[in-house]
Amino acid sequence: MKLSGPDLYRLLPHAGDMCLLQEVLDWESQHIVCRTQTHRDPSHPLRSASGLASIHAAEYGAQAMALHGGLQAQAHGQTNPGGYLVSLRGVKLHRNRLDDLEEALTVEARQLLADAGNMLYDFTVRTDTAVIAEGRAAVIVNSEETP
């Protein structure tokens, strides 16, 4: 199932230029594959005077996780409660910058754990020819209860 544009953006916890992913290529219960070229945008919101550092690949991974959670909730007739990124572990950056890459980025996230309060994912950001970044991210699910 491909997804892009407003249908994709409404599932992200960000708005405007901070919506970094442009297309969901495929997803299933524990895995999502997204694609984007926003890393090449000179007005990228995370870009500094020296370029877009590869550490920001973790944000791409986190947004893929958020999309996955939104798609899962939608499939069950629910609304994604959102969450907070609380840790990154085992992050490996295989280059210094993202903005000098000509190819589109493919962002994959694989859900390792999900319960009422936590989610754990592995993520990989790559081009068609190389892995750019990889790691593990933990999210605490927003559990605000109304009285």
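Bear in mind that the values here come from a model prediction, so they are computed numbers and not experimental data.
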Does L98 offer a backbone N or O that forms a donor-acceptor pair with the side chain of S54 under 3.5 Å? no
Under 3.5 Å, side chain of H68 to main-chain N/O of S29, donor-acceptor pair present? yes
Looking just at side-chain N and O atoms, do H31 and E108 make a donor-acceptor pair shorter than 3.5 Å? yes
Does L12 reach the side chain of L67, with side-chain heavy atoms less than 4.5 Å apart? yes
CG of L11 to CG of L3, rounded to nearest 0.5 Å, is 6.5 Å
Smallest heavy-atom separation, A57 atom then V125 atom, equals O-CG2, 3.6 Å
Parallel, tilted or perpendicular: which describes the rings of Y60 and H44, with under 30° parallel and over 60° perpendicular? tilted
Provide the closest heavy-atom pair for V24 versus C34 in the form atom of the first, atom of the second, distance. CG2-SG, 4.1 Å
Here the pair of heavy atoms bringing A64 nearest to V107 is CB-CG1, 3.8 Å
CZ-OH distance between R110 and Y121, expressed to the nearest 0.5 angstrom: 11.0 Å
Measure across L93 and A133 and return the closest heavy-atom pair with its distance rounded to 0.1 Å. CD2-CB, 3.8 Å
Hey, is the main chain of L105 close enough, under 3.5 Å, to the side chain of Q37 for a donor-acceptor pair? no
Is H76 reaching over with its side chain to a backbone N or O of Q72, donor-acceptor style, under 3.5 angstrom? yes
In this structure, CG of D100 is separated from CG of L52 (nearest 0.5 Å) by 9.5 Å
If you round to the nearest 0.5 Å, how far is OG1 of T38 from CG of D17? 9.5 Å
Close side-chain approach of Q63 and M18, heavy atoms under 4.5 Å: yes
R89 and D122 ion-paired at < 4.0 Å: no
Checking E23 side chain against L8 main chain: does a donor-acceptor pair fall under 3.5 Å? no
Is there a donor in the side chain of E103 and an acceptor in the side chain of H39, or the other way round, less than 3.5 Å apart? no
Roughly how far, to the nearest 0.5 Å, is CG of L21 from OG of S4? 12.0 Å
Side chains of E59 and L46: closer than 4.5 Å at any heavy-atom pair? yes
Minimum heavy-atom separation for Y9 to C19, with atom names? CD2-CB, 3.7 Å
Salt bridge or not for E102 and R40, using N-O below 4.0 Å? yes
Indicate, with yes or no, if L120 and W27 share a hydrophobic cluster defined by side-chain heavy-atom contacts under 4.5 Å among Ile, Leu, Val, Met, Phe, Trp and Tyr. no
Is R136 reaching over with its side chain to a backbone N or O of V91, donor-acceptor style, under 3.5 angstrom? no
Nearest heavy-atom neighbours spanning L71 and I32: CD1-CD1, 3.8 Å
Can you tell me if Q74 and Q78 form a side-chain donor-acceptor pair at under 3.5 Å? no
Does D99 come within less than 4.0 Å of R47, counting only side-chain N to carboxylate O? yes
Within the structure provided, determine whether I132 and L101 are in side-chain contact (heavy-atom separation under 4.5 Å). yes
Salt bridge (Lys or Arg N to Asp or Glu O under 4.0 Å) evaluation trace for R35 with D128: CA-CA 11 Å; R35 196 111 164 139; D128 289 339; 3.3 Å; yes
To the closest 0.5 Å, what do you measure between CG (D115) and CG (N118)? 5.0 Å
